Asker: 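Let me begin by handing over the structure; questions about it come next.
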There are 2 protein chains.
Amino acid sequence: MTEPPGLRWGDPAKAMTLSPAMRELVSQALGVTPDKVRPPVAPEAIELPEPALDAAAREALTAIVGAEHVRGDREARLAHTRGMSTPDLLRLRAGEAADAPDLVVAPASHDEVVALLRECAARRIAVVPHGGRTSVVGGLQPAREGFNGVVALDLRRLDRVLQIDQVSRTATLEPGLSGPEAEAVLVEHGLTLGHFPQSFEQATIGGFAAARSSGQASAGYGRFDELVVGVRLATPRGAVELGRAPRSAAGPDLRQLVLGSEGAFGVITAVTVAVRAAPEVRRYEGWRLPSFTEGAAVLRRLAQDGPLPTVLRLSDEAETALNLARPDEIGAGEGAGGCLAIVGYEGAADEVEQRRDSVTAILRDAGATFEEGAGEAWAEGRFRAPYLRDALLDAGVLVETLETATFWSNLADLYDSVGAALRDSLTGQGTPPVVLCHISHLYPSGASLYFTVAAAQADDPVAQWREAKAAASDAIEAAGGTITHHHGVGVDHKPWYAREIGPLGVEVLRAVKATLDPDGILNPGVLVP
Amino acid sequence: MTEPPGLRWGDPAKAMTLSPAMRELVSQALGVTPDKVRPPVAPEAIELPEPALDAAAREALTAIVGAEHVRGDREARLAHTRGMSTPDLLRLRAGEAADAPDLVVAPASHDEVVALLRECAARRIAVVPHGGRTSVVGGLQPAREGFNGVVALDLRRLDRVLQIDQVSRTATLEPGLSGPEAEAVLVEHGLTLGHFPQSFEQATIGGFAAARSSGQASAGYGRFDELVVGVRLATPRGAVELGRAPRSAAGPDLRQLVLGSEGAFGVITAVTVAVRAAPEVRRYEGWRLPSFTEGAAVLRRLAQDGPLPTVLRLSDEAETALNLARPDEIGAGEGAGGCLAIVGYEGAADEVEQRRDSVTAILRDAGATFEEGAGEAWAEGRFRAPYLRDALLDAGVLVETLETATFWSNLADLYDSVGAALRDSLTGQGTPPVVLCHISHLYPSGASLYFTVAAAQADDPVAQWREAKAAASDAIEAAGGTITHHHGVGVDHKPWYAREIGPLGVEVLRAVKATLDPDGILNPGVLVP
């Protein structure tokens, strides 16, 4: 690859190309003919701002972490420019890198993080904690005004497993461990974290905690914030250490104030998570339900009365027809209609068998039919959608996702409202979209909705998406959903987030931030309205 | 009863007397012979402070709620004097009512609460939210200094069920509903909250939320804070409304900042909770395990690998020998040794049967033997211990409970340390105690320990207990436990709580309080160090 880092998702070796059937589909459905390709600008055309920090600042930071861990070169800066939302990628592909940090600094310990934060506070340098750079909500896009520069705090060197407690089934992990790295160590000890979001291969433990991640197996293992029993936060004023027991009545649960703080209150330098016995069995199945409405009713019944599969998700009719679960086969054949559910089980062999028997009976009662190979196909492709996005962006397709959640009684309204808002906005801009949706995280009282949108790229695809995203966000707000179920707030969701928690909620956040980060250097402009 | 209100727990009709066997036992084990009785002082001997609030203040509050809902009479003030800890009761029994509020004001709506808070803020009147008055940690004992008076805000008139959503299985409840009142309405709709702490019959929904309550069936239904999906908080600055979905990544979970705020951040005026289908079957069994260590290992295995009974608790050898689960029979016979576990199941009949089969196999593998009638006896007496305490206090016994939690790998150390601290402290004061303990709330990564202590009352039993409680709290801190698993912080736990969350954690709490309650009128001195 001659492309600079940061333009695409993940591992270049795993890059996808569009199949002929897929090319035909985007041509037919979206009018994106082969002449509409939109390759990124040439690497040398990407404009980086002049580095803002002076030699004295660089020396002070170098004194803390060592020269080899302070980088200001073009490659390092580009690799830490914003995150992985479609607008983030589109802007970089267009050569716009105005948000590039001035320096990338990589500490190796909690104490180094605290020292760096103190130094940056004293020098009015903004600090953006970086893990796997998988934010899709502008979480790595700090406000620069009022600061002497921006440092990307690369946490990948904080990559130790600090403790594994087999009796308590907990693991204390540093934030820079990636999903696969953490899982590999746990598996050696016969354990699993069970946290597999779509970003799993790239994202880090710190990011999971800072952004309240939820994985594809959340039905079985819980959200990341539910797995956390302890957390250590580094702030410019020192450390906060929380979690002397799984649960407590010692005041408000301050762990839940750190989780979701997106680098704005401090840098998470250790997380203690509940882990499980590594499953003997992993089994994923596809089941076809007659309709999204009927399928949602079955999911609700399983979430409320059990038993719950470990993985449970349901595509709507449009997503089922497109067969997004098999990205290599998109457009390859005729669908059988209805809605595809992925139903997965992980655990001890006999427990899985018992649970599967019960769930299967409930699915059959609801008219579901088994779909040969669909579960395996989903498992094979479960982390690949971001690679497909890159290929689609190259081809001239605008493709992005957004998500929300609400209570069950409101789910159908929310689904209709958001879908209509996306279709109206993009059609009104002259590019009728394809809008797909699935239910992917369930609770006894409600569930999440995950939308994927594809349309032909307009001349200014960033503006095009901004308008559609605002329409969808307005629709979410009006329909009573939360502005985000697992992507986080970042910069992109702030206006809606502010209304979701109300003016006093906003003041509470500001008061917490002013206490822990009095100079306001931590990820400025992110999260806190 | 000629006794004034507030001297004893609950319903006077349910008052207990000590059986002859029990009298013999306290005489033998604690040296509390029948001549050591300690009846409360005569009603007229209880000294109430002069009411501090002037006519203008009373008129202003009356204008909001109506004259019949503002009371300053002796009976109303006594009924709102402190809570139900043993020191609370001992002080009132000794005629000391210095913490009596000046007025008891009973609003009927969220808007009236906000108006009252604004009026009190303007007049510098401290406000103590009151539900069932079951705090055992000094949660209703405000600092008076700097205030013109103290109002007890009686929330019992906010007793409506605002919504029942059968599809989402949620209920929106006002804070003044007692446990049985809420449960009665839910049962009519085929639902249950499943929240049955020992205080169930007296405590209220608002109290459950404000103090992070955990019920006896927490293994099956979860803690109260886990059931809450929405909350409305009235503050002197207006309302905070939180909870658009079961879970969200829209920033920190601010609901978890309201839960456990103990009236110091605002008054909870509505709570939306996840509810369940009312169980077809409730079945409680007693199982005798060879030892506390072996029993704890079985509980851990069930908590980590499942399946979990709905109720699961394990008494240590001392508690088992005393048979506290059958208060009427205490001292009546020989124990069989070992440790008694209560194992309860609630749910659909077939699901309960399947779950019970699996759990029973695991219990038998661990050497457990079925104890005829023990489960039923526990269920019959599950809410009666506070009545027994009143009878013991009359007899001259000092009896109190305290609780903590930690991770499984630390549980034995915590158990040993706290037990030793209690025995050392009270023995050193000349009254060798009986110390009992059980595990009553379990998580995959840890569990709670609940201690009951009995000793002969010293001349000053309040000072006697203060010393023992401080020793136990120091031991909890040193052993790494949380200062409270489900009783809350109140005034009593504040020093240890402050060290548990650290100086920055304390500053965060103060910042939140200053934002929502800038005049500091809300339960001053409680929770926030």
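Residue numbering restarts at 1 for every chain, and letters A, B, ... go by the order of the sequence lines. As the structure is a prediction and not an experimental result, all values here were calculated from the model.
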Asker: What distance do B:Ile501 atom CD1 and A:Glu241 atom CD have between them, rounded to the nearest 0.5 Å?
Answerer: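 Nearest 0.5 Å value for the CD1-CD distance: 13.5 Å.
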
Asker: Quick check: does any side chain N or O of B:Thr484 sit under 3.5 Å from a backbone N or O of A:Ala250, one acting as donor and the other as acceptor?
Answerer: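 No; judged by distance alone, with no hydrogens or angles, the pair does not exist.
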
Asker: Counting heavy-atom pairs under 4.5 Å to chain B, which of A:Ser445, A:Ala405, A:Gly446 comes out on top?
Answerer: A:Ser445

Asker: I want to check something: taking the side chain as every heavy atom from C-beta on, are A:Leu259 and B:Asp253 in contact at a cut-off of under 4.5 Å?
Answerer: no

Asker: So what's closer than 4.5 Å to chain A heavy atoms on B:Thr235: side chain, backbone, both or neither?
Answerer: side chain

Asker: Shorter than 4.5 Å, heavy atoms on both sides: which option in A:Glu507, A:Arg510, A:His486 has the most such pairs with chain B?
Answerer: A:Glu507

Asker: For chain B, which of A:Ile483, A:Thr515, A:Asp225 has the most heavy-atom pairs under 4.5 Å?
Answerer: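 Heavy-atom pairs under 4.5 Å are most numerous for A:Thr515.
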
Asker: What residues, two or more places apart in sequence or in another chain, satisfy side chain to side chain donor-acceptor pair (under 3.5 Å) together with B:His493?
Answerer: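 Only B:Lys469 meet the side chain to side chain donor-acceptor pair (under 3.5 Å) criterion with B:His493.
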
Asker: Please classify the contact between A:Tyr497 and chain B as side chain, backbone, both or neither, with a heavy-atom cut-off of under 4.5 Å.
Answerer: side chain

Asker: Hey, which of B:Ser168, B:Ala245, B:Gly260, B:Pro444 has the most heavy atom pairs under 4.5 Å with chain A?
Answerer: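 Result: the option with the highest number of such pairs is B:Ser168.
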
Asker: Heavy-atom pairs under 4.5 Å with chain A: which of B:Glu262, B:Glu351, B:Gln354, B:Arg276 has the most?
Answerer: B:Gln354

Asker: Heavy-atom pairs under 4.5 Å with chain B are the metric here; pick the option from A:Ala303, A:Ser358, A:Ala249 that has the most.
Answerer: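 Most heavy-atom pairs within the cutoff with chain B belong to A:Ala249.
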
Asker: Less than 4.5 Å to any heavy atom of chain B: does that hold for the side chain of A:Leu233, its backbone, both, or neither?
Answerer: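 For A:Leu233, no heavy atom lies under 4.5 Å from chain B.
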
Asker: Report the distance from atom CG of A:Leu516 to atom CG of B:Leu504, rounding to the nearest 0.5 Å.
Answerer: 6.0 Å

Asker: What part of A:Arg237 lies closer than 4.5 angstrom to a heavy atom of chain B: side chain, backbone, both or neither?
Answerer: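 The answer is both parts of A:Arg237.
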
Asker: Picking from B:Gly480, B:Ser261, B:Gly238, which has the most non-hydrogen pairs under 4.5 angstrom with chain A?
Answerer: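 Among B:Gly480, B:Ser261, B:Gly238, the one with the most close pairs to chain A is B:Gly480.
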
Asker: Tell me, side chain or backbone of B:Leu411 under 4.5 Å from chain A's heavy atoms, or both, or neither?
Answerer: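 No part of B:Leu411 comes within 4.5 Å of chain A.
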
Asker: To the nearest 0.5 angstrom, please state how far the CZ atom of B:Arg223 sits from the CZ atom of A:Arg247.
Answerer: 7.5 Å

Asker: Which of the residues A:Val240, A:Thr170, A:Val512, A:Asp305 is involved in the greatest number of heavy-atom pairs with chain B at under 4.5 angstrom?
Answerer: A:Asp305

Asker: Please name all residues satisfying side chain to side chain donor-acceptor pair (under 3.5 Å) with B:Arg499, sequence neighbours left out, ordered by chain then number.
Answerer: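 Testing B:Arg499 for side chain to side chain donor-acceptor pair (under 3.5 Å), a comparison that skips the adjacent residues, returns B:Glu477.
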
Asker: Can you tell me which portion of A:Ser214 sits under 4.5 Å from chain B's heavy atoms? Options are side chain, backbone, both or neither.
Answerer: neither

Asker: Non-hydrogen atoms of chain A under 4.5 Å away: do they reach the side chain of B:Leu227, the backbone, both or neither?
Answerer: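 Contact with chain A is absent: no heavy atom of B:Leu227 under 4.5 Å.
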
Asker: Can you tell me which of A:Gly488, A:Gly502, A:Ala274 forms the most heavy-atom pairs within a distance under 4.5 Å of chain B?
Answerer: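 Ranked by heavy-atom pairs under 4.5 Å with chain B, first place is A:Gly488.
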
Asker: Where does A:Leu414 contact chain B at under 4.5 Å (heavy atoms): side chain, backbone, both or neither?
Answerer: neither

Asker: Name the region of A:Ala239, side chain, backbone, both or neither, that has any atom closer than 4.5 Å to a heavy atom of chain B.
Answerer: backbone

Asker: So for A:Pro246, is it side chain, backbone, both, or neither that comes closer than 4.5 Å to the heavy atoms of chain B?
Answerer: both

Asker: Relative to chain A, which segment of B:Glu403 carries a heavy atom at a distance below 4.5 Å: side chain, backbone, both, or neither?
Answerer: neither

Asker: Ignoring hydrogens and angles, tell me if any N or O in the side chain of A:Arg300 forms a donor-acceptor pair with the backbone of B:Val167 under 3.5 Å.
Answerer: yes

Asker: Name the option with the most non-hydrogen atom pairs under 4.5 Å to chain A; the candidates are B:Gly505, B:Ala514, B:Gly481.
Answerer: B:Gly481

